[in-house]
Amino acid sequence: MEEWKQKKVLIVEDELEIRNMIDGFLRKEGFSRIFHAGSCKEALGICVSDKPDVAILDVMLPDGDGFGLLTSIRRFSQIPVIFLSARGEDEDRLLGLGLGADDYIVKPFLPRELVLRLLVILRRVYAPPQIDRLPVFQLGDSTIDLEAAIVTRDHHEYALTAKEHALLRKLYENRGRIVTSDALCQSVWGDDYYGYENTLMVHMRRIREKIEPCPSTPEYLLTVRGLGYKLLVKEEL
């Protein structure tokens, strides 16, 4: 089952027939943790006790309206909300969205459309953050793992220092292009990078000792006289 369909859904609708219809379509699509409320008071109680992950709110309710209900919910919860309403005027729709609703659907509506919109919102709100892993790439017989900050060559591992790592990462991000000495220094020492040119040369020599088969005649980390350096990457893993 998709993880989104394990989320708790609150349906707030005073018309039992519509409430049951929505419930039926949600269950047909794989949702099972569904809560019902027919009034603002019931809905607030469920929000406090059961902490739903998303709410479908009717605008017209016997003891208030969905707009006021959303305002009350927002005092303690930021759950996504979809409004259902027979009132399709632009002013109502803009009011609902302006209060922080994620969507506004006008009755009569297609149940399948409601489910699809619900899934879109759940995926957007609850999707796990994407963690981009730093790359692993090959330079001849050397394997450079920027995530682990390790160079492997001839069955030996060479750890990259923090500054070597920052320089290699900058060069890799601009692989095949010239990176000026100023840009490299700034990536390591920030805006106060003036005067570090000689130190940069030392770090580049040490990087070559780790990645190049013959550091004195480099094949991959090249010096571009008067400008800076260029990293030639032929194979990415």
side-chain contact (heavy atoms from CB on, under 4.5 Å) assessment of Leu84 paired with Met60: CA-CA 9 Å; Leu84 295 180; Met60 301 300 294; over 6 Å; no
Check for me, please, whether Ile18 and Val115 land in the same ILVMFWY cluster - side-chain distances under 4.5 Å, paths through other members count. yes
Determine the minimum heavy-atom distance between Leu232 and Gly176, stating which atoms define it. CD2-CA, 4.5 Å
Measure from the side-chain N and O atoms of Gln138 to the backbone N and O of Ile144, and report whether any donor-acceptor pair falls under 3.5 Å. no
How would you list all residue pairs meeting salt bridge (Lys or Arg N to Asp or Glu O under 4.0 Å) that involve residues 9-24, not counting sequence neighbours? Glu13-Lys107, Asp23-Arg27
Measure the CD1-CD1 distance between Ile121 and Ile56 for me, rounded to the nearest 0.5 Å. 9.0 Å
Is there a donor-acceptor contact under 3.5 Å from the side chain of Lys5 to the main chain of Glu29? yes
Restricting to non-hydrogen atoms, name the atom on Ala43 and the atom on Leu69 that form the minimum distance, rounded to 0.1 Å. CB-CD2, 3.8 Å
Contacts of type ring-ring contact (aromatic ring centres under 6.0 Å, His included), residue His203, not counting sequence neighbours: Trp189
Side chains of Leu99 and Leu70: does their closest heavy-atom pair fall under 4.5 Å? yes
Distance in Å, Cys214 SG paired with Glu209 CD, rounded so as to fall on 0.5 Å steps: 11.5 Å
Does any part of the side chain of Val151, heavy atoms only, come nearer than 4.5 Å to the side chain of Thr143, both counted from C-beta? no
Side-chain H-bond candidate by donor/acceptor type, Arg208 with Thr223, under 3.5 Å: yes
Donor-acceptor pair, Lys230 side chain versus Arg175 backbone, under 3.5 Å? no
Residue pairs meeting ring pair (Phe, Tyr, Trp, His ring centres under 6.0 Å), one or both in residues 46-78, sequence neighbours left out, come to Phe67-Phe83
Which residue pairs pass the salt bridge (Lys or Arg N to Asp or Glu O under 4.0 Å) test with at least one member in residues 70-81, sequence neighbours excluded? none
Treating Ser77 as the side-chain partner and Ile73 as the backbone partner, does any N or O pair qualify as donor plus acceptor under 3.5 Å? no
Within the 4.5 Å heavy-atom criterion, are Ser142 and Tyr158 side-chain neighbours or not? no
If two hydrophobic side chains count as joined below 4.5 Å and joins carry through other members, does Met201 share a cluster with Tyr220? yes
Common cluster, Val48/Ile79, ILVMFWY with side-chain heavy-atom separation under 4.5 Å: yes
Is the number of heavy atoms from other residues, nucleotides or ligands under 6.0 Å of Asn20 CG greater than 12? yes
Check the side chains of Ser181 and Tyr229 for a donor-acceptor pair under 3.5 angstrom, ignoring hydrogens and angles. no
Minimum heavy-atom distance between Ser72 and Leu44, given as atom pair plus value: CB-CD2, 3.8 Å
Assigning hydrophobic clusters by single linkage (Ile, Leu, Val, Met, Phe, Trp, Tyr; side-chain heavy-atom cutoff under 4.5 Å), is Leu222 placed with Val202? no
Beyond-backbone contact of Asp92 with Tyr104, side-chain heavy atoms, under 4.5 angstrom: yes
State which residues pass side-chain contact (heavy atoms from CB on, under 4.5 Å) with Ala159; sequence neighbours excluded, sorted by chain then number. none
Within 45° of the ring axis of Tyr172 and under 6.0 Å from its six-membered ring centre, is that where the NZ or CZ of Arg169 lies? no
Over all heavy atoms of both residues, which pair between Ile82 and Leu118 is shortest? Give the atoms and the distance, please. CD1-CA, 3.9 Å
Look at the side chain of His36 and the backbone N and O of Leu10, then say whether any donor-acceptor pair between them is shorter than 3.5 Å. no
Are the side chains of Leu200 and Leu167 in contact, using a 4.5 Å heavy-atom criterion? yes
By ring-ring contact (aromatic ring centres under 6.0 Å, His included), Phe35 pairs with (sequence neighbours left out) none
Out of curiosity, Arg205 CZ to Ser216 OG, how far, rounded to the nearest 0.5 Å? 12.0 Å
Please enumerate all residues that pass salt bridge (Lys or Arg N to Asp or Glu O under 4.0 Å) together with Arg225, with sequence neighbours excluded. none
Looking only at atom types and distance, does a side-chain atom of Glu212 sit under 3.5 Å from a main-chain N or O of Glu219, one as donor and one as acceptor? yes
Heavy-atom closest pair, residues Asp63 and Lys41: OD2-N, 3.1 Å
Those residues that, when tested against Asp53, pass salt bridge (Lys or Arg N to Asp or Glu O under 4.0 Å) (two or more places apart): none
Can you name the nearest heavy-atom pair linking Pro218 to Pro215, along with the distance? CD-O, 3.4 Å
Contact between Leu139 and Val233 at the side-chain level, heavy atoms closer than 4.5 Å - yes or no? yes
When rounded to the nearest 0.5 angstrom, what distance separates OG in Ser32 from CG in Leu26? 10.5 Å
side-chain contact (heavy atoms from CB on, under 4.5 Å) evaluation trace for Asn174 with Val179: CA-CA 7 Å; Asn174 296 276; Val179 184; 3.5 Å; yes
Nearest 0.5 angstrom please: Ile178 CD1 to Leu171 CG, how far? 12.0 Å
Could you state the interatomic distance from CD1 (Ile22) to CD1 (Ile34), rounded to the nearest 0.5 Å? 10.0 Å
Applying salt bridge (Lys or Arg N to Asp or Glu O under 4.0 Å) as the test, list every pair that has at least one member in residues 147-164; sequence neighbours left out. Glu164-Lys210
Does Leu61 offer a backbone N or O that forms a donor-acceptor pair with the side chain of Asp65 under 3.5 Å? no
Under 4.5 Å between side-chain heavy atoms, counting indirect links through other Ile/Leu/Val/Met/Phe/Trp/Tyr residues: same cluster for Phe109 and Val9 or not? yes
Salt bridge (Lys or Arg N to Asp or Glu O under 4.0 Å) partners of Arg33, counting only residues at least two apart: none
Taking side-chain contact (heavy atoms from CB on, under 4.5 Å) as the test, write out the residues that go with Leu116, two or more places apart. Arg112
Thinking salt bridges, do Asp145 and Arg133 make one under a 4.0 Å N-O criterion? yes
Test: Lys7 cationic atom under 6.0 Å from Phe31 six-membered ring centre, within 45° of axis: no
With sequence neighbours excluded, tell me which residues meet salt bridge (Lys or Arg N to Asp or Glu O under 4.0 Å) with Glu42. none
